[in-house]
Amino acid sequence: MAGEASIPRYDPAAVETKWQERWERARTYEVRAGDGEPVYVLEMFPYPSGRIHMGHVRNYSIGDVIARFRRLRGERVLHPIGWDAFGLPAENAAIQHGAHPARWTYDNIANMRAQLRRLGFSYDWSRELATCDPRYYRWEQLFFLRMLERGLAYKGRSQVNWCESCATVLANEQVVDGRCWRCDSVVRLRELEQWFFRITAYAEELLRDLDRLTGWPERVVTMQRNWIGRSEGAEIRFPLDGRPGEITAFTTRPDTLFGVTFVSIAPEHPLARELVAGTERAAAVEALAERARLSARDEELVKEGVPTGAFCRHPLTGERVPIFVANFVVMGYGTGAVMGVPAHDQRDFEFARALGLPIMVVIQPEGAPLDPATMTEAWEGPGRMVRSGEFDGLPSEEGKRRVVAALAARGAGRAAMTYRLRDWGVSRQRYWGAPIPVVYCEGCGLVPVPESDLPVLLPEDVVLTGAGGSPLAGHAGFVEVACPRCRGRARRETDTFDTFVESSWYFARYVSPWDDGTPFDRRELDYWLGTRGVDQYIGGIEHAVLHLLYARFFTKVLRDLGYVALDEPFRNLLTQGMVIKDGAKMSKSKGNVVDPDYLIERYGADTARLFCLFAAPPERDLDWSDQGVEGMSRFLGRLWRLVWTVRDRLAPPGAPLPGTMDETARTLHRRTHETIQRVTEDVGERLRFNTAIAAVMELVGAIADVQDDVDPAVLREAVDTVLRLLAPFVPHVAAELWEVAGHPDWIDRAGWPACDTSALVRERIELPVQVNGKLRGRILVAVDASVDDILAAALADENVRAHVGERPVRKHVLVPGRMLNLVV
RNA sequence: GCCGGGAUGGCGGAACUGGCAGUCGCAGCGGACUUAAAAUCCGCGGCGGGGCAACCCGCGUGGGGGUUCGAAUCCCUCUCCCGGCACCA
């Protein structure tokens with residue numbers, strides 16, 4: 001090979017810098033609303049922790065393949081990036097190192113932005129946003145005011161996780177085994193005033209619309225369905241005996257109402273304290289409540305209860321029913337009160353056994369009758385009602401309806417729905433978040449900040465000590481304001497929003513992040529989101545419930561407030577798996593991280609991207625392998641040398657294919673188009689990038705085998721096809737080699753290759769032949785061979801004949817083009 | 001406990017609607033080039049057996065059973081692994 005000495009070494013750093021600079025200078029990936037088919041491809045934006053990790057590389061490589069692929073297909077692609085920039089780590093860094101959270105955050109953004117650029121992702125950087133920017137969060141404050149007007153945001157009391165030593169509320173995620181993640185002291189439940197979003201008002205719609213999310217993975221839909229947790233049943237009122245008031249209990253089994261032998265209420269139930277006030281039982285109830293509060297979340301409690309000494313009346317029989325405070329009843333679900341039916345509920349059964357309460361069977365299953373004296377567990381299945389007065393003999397399902405109807409007729413109950421989902425607590429006693437725009441006036445009470453006064457800016461000159469409590473509370477300039485209504489003395493709200501609020505609507509702000517007049521520019525909004533929403537959303541499965549549910553809720557709120565025309569934010573969702581190394585998720589604490597910068601430096605961005613895409617299908621966990629990375633690097637090196645080697649043999653770009661082809665040319669031509677077909681389907685429909693890459697590798701191997709002999713125009717077609725198919729995966733080296741191959745224009749404008757189906761046609765095919773379902777031979781037959789010809793050819797095969805023997809062929813099954821089975 | 005996902009060579013993973021199990025890559029082995037190594041290139045490769053060889057036979061997709069001309073794929077059942085939720089009334 002005379003030319004070999006002149007082949008330049010593949011230097012990823014040089015190639016990648018060259019093309020990144022070109023794309024940037026030409027603003028190749030910037031886009032505005034316009035003509036053509038719009039496509040919105042979005043990856044979950046990163047928290048600016050300081051450095052990107054392999055999970056980011058994987059996530060954004062997947063997104064970039066989709067964005068670049070669809071762009072090459074001629075669609076107009078919105079592919080933005082931004083920063084989920086508020087949050088606790090910034091505040092902790094400030095406390096530990098003295099850097100201001102804003103400074104820390106923006107420094108990190110600068111670092112990570114540079115890293116993302118080095119990876120060559122095709123983002124429209126003119127749309128970059130950071131949620132800690134007042135130009136972003138001012139709109140969130142506006143949405144909040146609108147929600148407040150509609151009762152969708154409210155202030156209410158609730159049980160929250162409270163760390164005594166840090167003097168702050170903790171999110172559920174920050175409570176580890178019942179202890180504070182920061183100081184390790186025991187977390188207690190405390191009743192506090194907090195801000196809430198009324199997500200429960202949308203529970204039904206959030207549940208119902210899950211059925212429309214056909215582009216979502218089934219497991220995410222299922223997780224959300226479980227999280228919303230709808231159950232159908234009834235609320236039943238038990239009037240108190242000898243005093244005013246009543247207890248309302250929720251049940252899914254109104255058919256067991258006649259089996260009630262007690263009623264139990266949660267330790268935090270308002271009546272719990274009231275019923276025992278002034279009696280010697282008060283201390284016992286208090287102790288039970290305290291133990292329930294302190295117990296770790298994951299341990300199984302022994303059923304305990306304290307009789308209140310008070311009674312209520314059965315709503316249908318009028319019998320006296322004792323009331324207990326029970327440790328297994330939770331205040332946060334249903335009504336915080338449960339009717340005790342020990343024969344037909346396992347928890348009630350255990351409770352009754354522990355406290356020696358009567359067990360009454362009112363549902364009799366088929367077969368052996370239940371006997372309370374010998375039962376070892378509750379019967380929770382269906383059966384026929386017994387000892388239930390007028391309802392005796394009814395099957396449970398019908399019984400449920402009839403009992404509810406009877407209760408409703410007496411005003412003693414009603415059919416009811418309850419959800420596991422609870423309203424979203426959005427206030428945090430933290431500094432680094434968006435201020436909640438309300439003030440508290442000594443005269444007027446709670447007053448929303450007028451829209452014209454927005455944004456309520458987060459002050460920068462705040463001292464962060466880590467001592468606990470909201471840092472904003474000590475900032476007189478921020479806190480002390482005149483009441484917008486009466487001009488009197490007022491105090492500003494010092495809580496800030498949960499950062500999940502910012503991430504609930506950022507996808508919509510990308511349509512016009514530059515717009516300071518409205519949250520969303522009409523034209524850009526209609527074009528990019530319209531009524532479709534984000535066409536392809538990609539992110540980690542860990543957000544299956546939290547972020548993805550909040551964003552769905554927020555979208556519906558924005559719709560009802562008239563800001564967007566969407567019912568659902570994300571049409572198609574791809575949840576990528578974790579990056580695993582040495583059997584554990586790659587993480588700093590496990591010490592098994594691979595630094596993306598190191599990879600880029602040593603192998604280049606294209607190799608890093610290619611490995612993340614090749615090593616596993618996107619939704620599965622990816623097992624990291626250093627040798628696997630080497631393999632990808634070797635492949636790109638091979639490709640590089642191949643293109644440089646054949647470039648002088650190539651017909652000019654666009655040269656017509658020869659009218660007749662020899663066997664070699666026809667085969668390569670066919671394989672080229674077969675590869676186009678496979679890759680287009682894998683990338684465009686199946687989102688299986690690993691098999692797409694494997695297909696291109698095969699074609700590269702096929703080209704290498706015939707590079708010196710094949711027709712130059714067919715070779716040109718094959719080489720150009722390889723580069724175009726690889727452009728979404730390894731954009732830099734593909735762009736460079738496209739130039740090397742003699743194309744004057746960039747590969748970005750080359751379009752996606754089309755499969756010529758006439759090239760796929762074969763004259764003869766190899767057909768596997770089975771005898772009684774076992775493979776016994778292969779025959780070469782013409783594509784249009786008749787059944788008789790095929791049978792004759794099969795029986796002419798020596799091995800086939802040996803297995804058929806003297807036996808007659810009873811039957812044959814021919815799957816055209818696939819196989820032939822002879823049954824003897 | 002409930003819900004969901006998964007189990008295929010030494011490893012990551014292919015096999016689209018039931019039709020040649022193991023594409024591609026990694027690791028391995030043999031060879032070429034080289035004083036040598038690296039890099040690169042060529043070849044071999046599920047397991048067991050037969051054959052100088054082309055090839056042939058048996059077994060084989062977590063275990064057991066079934067449906068079918070034919071099962072990694074569908075059905076039943078069991079085991080193990082991963083994830084989510086969890087006294088949810």
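Lettering of chains follows the sequences in order, A, B, ..., and the numbering in each one begins at 1.
Comparing B:C24 with B:G58, their P atoms are spaced 27 Å from each other, to the whole Å. Between B:A72 and B:C52, the distance separating the two P atoms is 33 Å to the nearest Å. Distance check on atom C1': B:C74 versus B:G83 gives 26 Å, rounded to whole Å. To the nearest whole angstrom, the two C1' atoms, one in B:G12 and one in B:U17, are 27 Å apart.
The aromatic rings of A:Trp644 and A:Trp640 sit tilted, their planes meeting at an angle between 30° and 60°.
For the pair A:Arg420 and B:A89, the criterion of a side-chain N or O lying under 4.0 Å from OP1 or OP2 is not met. Contact annotation: A:Arg347 side-chain N/O to B:C88 OP1/OP2 distance is under 4.0 Å. Within the 4.0 Å cut-off from OP1 or OP2 of B:A14, at least one side-chain nitrogen or oxygen of A:Asn690 is found. At B:A89, none of the side-chain N or O atoms of A:Thr335 fall inside 4.0 Å of OP1 or OP2 (strictly under the cut-off).
Closest approach to the A:Arg638 side chain among B:C41, B:A21, B:A89 is made by B:C41 (side chain taken as heavy atoms from C-beta onward). Which of B:G13, B:C26, B:A89 sits closest to the side chain of A:Val329 comes down to B:A89. Nearest nucleotide to the side chain of A:Thr691, out of B:A14, B:C20, B:C24: B:A14. For A:Gln627, counting side-chain heavy atoms from C-beta on, the closest listed nucleotide (B:G19, B:A7, B:C26) is B:C26. Side-chain proximity of A:Glu766 to the nucleotides B:A89, B:C20, B:C69 is greatest for B:C20. In the set B:A14, B:C20, B:C24, the nucleotide with an atom closest to the side chain of A:Phe614 is B:C24. Side-chain atoms of A:Met697 lie closest to B:G25 of the nucleotides B:G25, B:C57, B:C20. Considering only side-chain atoms of A:Asn821, the nucleotide from B:C69, B:C20, B:A14 that sits closest is B:C69. The listed nucleotides are B:C24, B:C3, B:C69; the one nearest the side chain of A:Ala694 is B:C24. Residue A:Asn799 has its side chain nearest to B:C57 when only B:C57, B:A89, B:C20 are considered.
When both distances must be under 3.5 Å, the Watson-Crick or G-U wobble mate of B:G58 is B:C47. Using the Watson-Crick or G-U wobble rule with both distances under 3.5 Å, B:G1 pairs with B:C85. Pair assignment for B:U73 gives none, since no Watson-Crick or G-U wobble pairing has each distance under 3.5 Å. Pairing of B:U35, defined by two Watson-Crick or G-U wobble distances under 3.5 Å, is not identified with any nucleotide. Across all strands shown, B:U79 forms a Watson-Crick or G-U wobble pair, both distances under 3.5 Å, with B:A7.
Using a 4.5 Å cut-off on side-chain heavy atoms (C-beta onward), A:Leu599 and A:Thr607 make no contact. When side chains are defined from C-beta on, A:Leu210 counts as touching A:Arg552, because their heavy atoms get closer than 4.5 Å.
What separates CG of A:Leu549 from C1' of B:G84 is a distance of 14 Å, to the nearest Å. Note: CD (A:Glu619) to P (B:G5) measures 13 Å, nearest angstrom. Rounded to a whole Å, the CZ atom of A:Arg818 is 12 Å from the P atom of B:U17. Per the geometry, CE belonging to A:Met819 stands 17 Å off P belonging to B:U68, to the nearest Å.
Applying the 90° criterion around 0 to the glycosidic angle, B:G9 comes out syn.
At a threshold of 4.0 angstrom between heavy atoms, the contacts of A:Gly229 with the nucleic acid are absent.
Side chain to side chain, A:Gln677 and A:Glu681 fail the donor-acceptor criterion of an N or O pair below 3.5 Å.
Judged by the 6.0 Å distance and 45° axis criteria, A:Lys303 is not positioned over the aromatic ring of A:Phe351.
Toward the 5′ end of RNA chain B lies the nearest nucleotide of A:Asp623, the other residue of the pair A:Asp345 and A:Asp623 mapping further downstream. For the pair A:Val330 and A:Gly777, both in contact range of RNA chain B, the more 5′-proximal nearest nucleotide belongs to A:Gly777.
A:Glu380 has no carboxylate O lying under 4.0 Å from a charged side-chain N of A:Arg253, or vice versa, which leaves the two without a salt bridge.
A ring-centre distance under 6.0 Å is not found for A:Trp424 and A:Phe500.
Donor-acceptor pairing under 3.5 Å, judged by distance alone, is absent between the side chain of A:Arg686 and the base of B:C16.
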